[in-house]
There are 4 protein chains.
Amino acid sequence: MPENSRRRRPEARPEEILDAALSVFSEQGFAAARVEDIARAAGLSKGAIYLYFPSKEAMLNGLVERSAGHLAKTAEAMVASGAPRDAETGLRNLLRMLFTSMADPAISAAPRLVFAEAGRFPVIADFYRRQVLEIARGAMRALLEAGVGANVFRPVDADAFMRAVAGPAFAHMALTTTFTLPPDTLTDPADMADALADILLHGLKPRAPAS
Amino acid sequence: MPENSRRRRPEARPEEILDAALSVFSEQGFAAARVEDIARAAGLSKGAIYLYFPSKEAMLNGLVERSAGHLAKTAEAMVASGAPRDAETGLRNLLRMLFTSMADPAISAAPRLVFAEAGRFPVIADFYRRQVLEIARGAMRALLEAGVGANVFRPVDADAFMRAVAGPAFAHMALTTTFTLPPDTLTDPADMADALADILLHGLKPRAPAS
Amino acid sequence: MPENSRRRRPEARPEEILDAALSVFSEQGFAAARVEDIARAAGLSKGAIYLYFPSKEAMLNGLVERSAGHLAKTAEAMVASGAPRDAETGLRNLLRMLFTSMADPAISAAPRLVFAEAGRFPVIADFYRRQVLEIARGAMRALLEAGVGANVFRPVDADAFMRAVAGPAFAHMALTTTFTLPPDTLTDPADMADALADILLHGLKPRAPAS
Amino acid sequence: MPENSRRRRPEARPEEILDAALSVFSEQGFAAARVEDIARAAGLSKGAIYLYFPSKEAMLNGLVERSAGHLAKTAEAMVASGAPRDAETGLRNLLRMLFTSMADPAISAAPRLVFAEAGRFPVIADFYRRQVLEIARGAMRALLEAGVGANVFRPVDADAFMRAVAGPAFAHMALTTTFTLPPDTLTDPADMADALADILLHGLKPRAPAS
DNA sequence: CATGAATGAGTGTTCATTCAT
DNA sequence: AATGAATGAACACTCATTCAT
C-alpha cells in the first residue's frame with residue numbers, strides 16, 4: 001500500500017484537486033466551500049493545495065476551463081458525426097446525449113456550478129459563453145440547417161430551436177439534481193429524451209389523418 | 001413619492017428588507033452576501049435587520065416563501081383561466097407568460113436564487129418543490145389533459161410535456177440573465193414564446209400537404 | 001467603574017490603539033507583532049481594531065505620522081526658542097533635550113521603530129525624511145549659522161555639525177534601550193549631554209594657556 | 001570563476017548560507033525573511049538549509065557571531081596599532097574607519113541587523129554587548145587615556161568621548177543606508193570623518209588668538 | 001425602534017520545518 | 001548531500017450576531 005502520507009508524487013495532483021474542488025463547490029457553493037474540505041477530499045493538507053493553485057478562485061477557474069474543454073469537444077463531435085446524413089436521428093441522439101449528461105451529477109456538476117457562480121465571476125461567464133455556448137449554438141444551428149436542407153425539418157427560428165432542444169434537458173437537470181424529485185414514471189433519461197423528440201418532431205397537434 | 005417625512009411607514013419594513021435581501025443575494029449569492037449590504041440597501045442599520053429577522057438564513061427563507069406565494073398564485077390563475085376553453089391559446093399564453101417572466105430580472109431573481117441555493121438548504125428545496133413545482137406541474141397537467149380531451153393535443157407524456165414547455169423559458173433566462181448574451185434577433189420574449197409555440201404545436205417535421 | 005466591555009465610546013479610540021500598536025511594534029517588531037496583541041493591549045477585541053484601521057500596516061503608518069507630528073513640533077519649537085540669542089546655550093539645551101528624549105523609551109520608541117522598519121516601507125522612510133529629518137536639519141543649520149554669525153561658533157561643516165550633535169544622542173539611545181547597558185557612572189542624560197557639550201564646544205585638544 | 005563544475009566546494013556551504021541570510025535579513029528583517037529566499041540566494045533548496053542550520057534563528061545567531069568576530073578584530077587592531085604613539089592621528093584614523101565601514105552597506109548590514117533585532121533576541125544583545133561593545137569601549141578608552149597621558153587630549157569623560165566618536169558614524173549610517181538621503185556635499189565618508197575630527201579636536205568655539 | 005460599536009468564531013493564505021526519496 | 005512535496009500551526013482579516021445606549 002503506497003498510501004502513506006507524504007509519499008506519492010503523481011503528476012495528476014492538479015487533476016485530483018480539481019475533482020475534489022468540483023465536488024465541494026457543487027455541494028457548498030464557491031463562497032461557502034472551505035479550502036480545507038477540498039484538501040481533505042483530495043487527500044491532502046490545506047497547505048498542499050497552495051502548491052498547485054495560488055488561490056481558491058484559481059481552482060474555480062481551472063475547473064471551468066477543464067470542464068469547458070470536455071463539453072466543447074463532445075458538442076463538436078456530435079455536429080460532425082451523423083447529423084448531416086440523417087437530421088432526425090441526429091436530433092434524437094443529441095437529445096439523448098443531453099438528457100443523459102444532464103441527469104448524471106458527475107457531468108452536470110460543472111455546468112450547474114457555472115450557472116450558479118457566473119454572475120459573480122464575469123471572467124467565467126465570458127469564458128463559458130465563448131468556449132461552450134458558442135460552440136453548442138453552432139452545432140445546433142448546423143443540425144437545424146442540415147434538416148431544413150434535406151426537407152426533414154421545417155425552417156423554424158434557430159434561437160427558438162436551440163431553446164426547444166437544450167431547455168428541456170436543462171430543466172430535467174434542475175428537477176432531478178437540485179430538487180430531488182420523486183422518481184417519475186420516466187426517470188430514465190433516454191426515455192425522457194425520446195418522449196421529447198416525439199413532441200418536438202411531430203408537434204402537439206394531431207396530424208390530419210393521411211386522408 | 002411619499003418617501004420623506006414621517007420616516008416611512010414602519011409596518012412595511014419586513015417587505016423592504018426582503019426586497020433588499022433579494023437584490024443582494026441575487027448579486028452576491030447567499031454565502032457571499034453581507035448583512036450590512038442588505039441593511040444599506042434597505043436604508044437601515046445592520047442591527048435593525050435583526051429586529052425583523054433572526055438571522056441571515058431567515059431572510060432567505062422569507063424570501064423564498066414570499067416568492068413562492070406569488071408564483072403559486074400566478075400558476076393557479078393560469079390553470080383556472082382560459083385553458084379549458086381553448087388549450088392552444090392557453091399554451092400560447094402560458095409560454096408568453098413564462099418567457100416574459102423569466103426574461104425580467106425582477107421576477108426571475110427568486111427562482112434563480114432558489115435554483116442556486118436549494119442544494120445547500122433542503123428546507124428551501126422541499127418548500128419550493130411543494131409550493132411551486134407541484135402546483136405548476138398540476139397546472140400544466142391540467143392544460144395537457146384539457147387539450148387532449150378536446151382533441152387539440154395529442155396524448156403525449158405529461159412529464160416530457162412539462163419539460164418541453166418550461167425548459168425553454170428556463171434556458172432563455174439562463175442565457176439572458178446569467179450570460180449576458182448579445183441581443184439576438186428575437187430579444188422580445190413574446191416573439192420568442194410565439195416561435196416556441198409554433199415548434200411545439202406543429203412539430204419540426206413538415207406536415208403532409210392536407211390531402 | 002464604567003469599565004464594562006462593549007461600553008465606552010471615547011473618540012480617543014484611534015489614539016489608544018496607536019499607543020498599543022507602538023508598544024507592541026516596539027517590542028516585537030512590525031512583522032512579528034500580532035494584531036491580537038495590539039488589541040489586547042488596547043483593551044479591545046481583534047475585530048474592533050479593524051473598525052479604526054483598515055490593516056496592520058495602516059497602524060504603522062498612523063503611528064509614524066503621529067510621532068512625526070510631535071517631533072516636528074518639538075524641533076520647530078527649538079528653532080524658535082533661545083538659539084538666536086545665545087547659540088552656546090542653545091546648543092546645550094538642544095543636547096539635553098536630545099539625550100533626555102532618546103533615553104526615554106516612551107519617546108524614542110517611534111524613531112527606533114522607524115529606523116528599524118523604514119527599509120521595508122519606503123513610504124515611511126520618505127515621510128519621515130521630509131517631516132522630521134528635513135525639519136531637524138533646518139533647525140540645526142539655523143543654530144549653527146546663528147552661532148557663526150555671533151562669532152560664538154567656528155564656521156564648521158553643517159552636515160558634520162548635525163552628525164556631531166545628533167549622533168551621540170542616537171548612540172546613547174541604542175546603548176541604553178537596545179542593549180541594556182549596565183548603568184554607567186553617567187546614567188543621567190542631562191549630565192551626559194553636558195559632558196558632550198563640553199567636548200563639542202571646547203574640543204579635545206587642550207587650549208593654549210590664555211597668553 | 002571556478003563556479004561551474006564539481007558543484008562548488010561544499011565545505012564553504014555554511015558561510016555561503018550566512019552570506020545569503022545576511023542579505024535577506026537585512027532587506028526583509030528577520031521575521032519577514034523567508035527561508036526559501038535565503039535558500040535561493042544561496043543556490044540551495046529550502047530543505048538543504050536545514051542540513052547546516054537547525055532553524056532560522058540559528059542562522060541569525062551564526063550571522064551575528066561571525067560578524068562580531070570581524071568587528072572585534074578590527075577594533076582591537078585599531079587599538080594596538082598607532083594610537084599610543086600619536087593619539088590625534090589615531091582618532092582621525094578611527095573616525096575614518098568608522099565612517100567608511102558604516103557607509104558601506106556590506107559592512108554595516110550586520111550591526112544594523114543587530115540593532116534592529118536585539119530587542120527580541122536577548123541572547124544576541126548580550127553576545128554583541130560582550131563581543132563588540134565591550135571591546136570597542138576598551139579600545140576607545142585606551143585611545144583617550146593615551147591622548148590624555150601625552151597631553152594631547154583634555155581629560156574628558158570617557159563615556160561621553162565614546163558617544164562623541166562613534167555616535168556620528170552611527171548617525172551617518174542611519175542617514176545614508178536607511179533613509180536614502182540625497183547625496184550631500186560631503187558624501188565621501190573620509191571627508192565626513194575629517195570634518196568630524198576637526199570639530200571634535202578643536203571644538204566649536206573659536207580659539208583665542210594666540211595672543 | 002434604531003444605532004453602531006464591539007465581539008469572536010471562522011477562513012484564506014503563508015511559511016518554518018520535516019521527511020521520503 | 002540534496003531535493004521538494006507535504007504538513008500544520010499561525011495569523012491577518014471578515015462578518016454574522018449581540019447589546020448598551
Side-chain angles (χ1 to χ4, degrees), chain A residues 2 4-11 13 31-39 42-59, chain B residues 7-8 10-11 13 30-39 42-59, chain C residues 2 4-11 13 31-39 42-59, chain D residues 7-8 10-11 13 30-39 42-59:
Chain A
N4 290 17
S5 67
R6 221 179 280 214
R7 187 77 59 89
R8 313 148 288 160
R9 212 169 322 141
E11 315 309 353
R13 267 297 136 75
R34 283 159 45 199
V35 172
E36 185 150 20
D37 290 341
I38 297 173
L44 287 172
S45 72
K46 193 167 35 159
I49 295 292
Y50 289 88
L51 296 174
Y52 300 96
F53 293 91
S55 71
K56 188 171 133 179
E57 195 172 336
M59 285 187 266
Chain B
R7 287 179 171 170
R8 285 168 297 157
E11 66 282 5
R13 276 290 145 75
F30 175 77
R34 283 157 44 193
V35 171
E36 183 149 21
D37 289 342
I38 297 173
L44 285 173
S45 73
K46 200 171 20 165
I49 296 290
Y50 288 86
L51 296 172
Y52 300 95
F53 293 92
S55 72
K56 189 168 120 173
E57 194 172 334
M59 285 186 267
Chain C
N4 291 18
S5 68
R6 218 179 282 215
R7 185 79 59 91
R8 314 148 283 158
R9 212 169 324 144
E11 315 309 354
R13 266 299 136 74
R34 284 159 44 200
V35 172
E36 185 150 18
D37 289 342
I38 297 174
L44 287 172
S45 72
K46 191 171 33 161
I49 296 292
Y50 289 88
L51 297 173
Y52 300 96
F53 293 91
S55 71
K56 189 171 130 178
E57 194 172 334
M59 284 187 267
Chain D
R7 287 182 172 167
R8 284 168 297 157
E11 66 283 4
R13 276 292 142 77
F30 175 77
R34 285 156 45 192
V35 172
E36 184 150 21
D37 289 341
I38 297 173
L44 285 172
S45 74
K46 203 172 15 166
I49 296 291
Y50 288 85
L51 296 173
Y52 299 96
F53 293 91
S55 72
K56 190 168 121 173
E57 194 172 334
M59 285 187 267

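Only this structure's heavy atoms are used, side chains among them; waters, hydrogens and symmetry mates stay out. Just so you know, these numbers come straight off a predicted model, no measurement behind them. Reminder, nothing fancy here: chain letters follow the sequence lines and each chain counts from 1.
- Between the CD atom of Glu36(B) and the P atom of dT3(E) there is a distance of 12 Å, given to the nearest Å.
- Nearer to the 5' terminus of DNA chain F, by closest-nucleotide assignment, is the contact made by Leu51(D) (compared with the other of Leu51(D) and Ala48(C)).
- Between the CD1 atom of Ile38(D) and the C1' atom of dT17(E) there is a distance of 13 Å, rounded to whole Å.
- For the pair Lys56(B) and Phe30(B), the minimum side-chain heavy-atom distance is below 4.5 Å.
- When the P atom of dA16(F) is taken as reference, atom OH of Tyr50(C) falls 18 Å away, rounded to whole Å.
- By the salt bridge (Lys or Arg N to Asp or Glu O under 4.0 Å) test, Glu57(A) pairs with no residue at all, sequence neighbours left out.
- Scanning both residues, Ala31(C) and Ala31(D), for their nearest heavy atoms gives CB-CB, 3.6 Å.
- Contact between the side-chain N/O atoms of Arg13(B) and the OP1/OP2 oxygens of dA2(E) is found at a separation under 4.0 Å.
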side-chain contact (heavy atoms from CB on, under 4.5 Å) for Ile49(B) and Met59(B)? Distances and angles first, verdict last. CA-CA 10 Å; Ile49(B) 296 290; Met59(B) 285 186 267; 3.6 Å; yes

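- Place Ala31(D) and Glu57(A) on DNA chain E by their nearest nucleotides, and Glu57(A) ends up nearer the 5' end.
- In this structure, the CE atom of Met59(B) is 8 Å from the P atom of dA16(F), given to the nearest Å.
- No donor-acceptor pair closer than 3.5 Å links the side chain of Lys46(A) to the backbone N or O of Arg34(A).
- No side-chain heavy atom of Leu51(C) sits less than 4.5 Å from a side-chain heavy atom of Arg13(C).
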Base-pairing string, 5' to 3', of DNA chain E - Watson-Crick or wobble, under 3.5 Å, | interstrand: .||||||||||||||||||||

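- For dA6(E), one of the phosphate oxygens OP1 or OP2 lies less than 4.0 angstrom from a side-chain nitrogen or oxygen of Tyr52(C).
- Note: CD1 (Ile49(B)) to P (dC19(F)) measures 18 Å, nearest angstrom.
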Give me, pair by pair, the N or O atoms of the protein and of nucleotides 9-11 of chain F that are less than 3.5 Å apart, along with how far apart they are.
unit_1  : atom_1 : unit_2   : atom_2 : d
dC11(F) : OP2    : Arg34(C) : NE     : 3.4

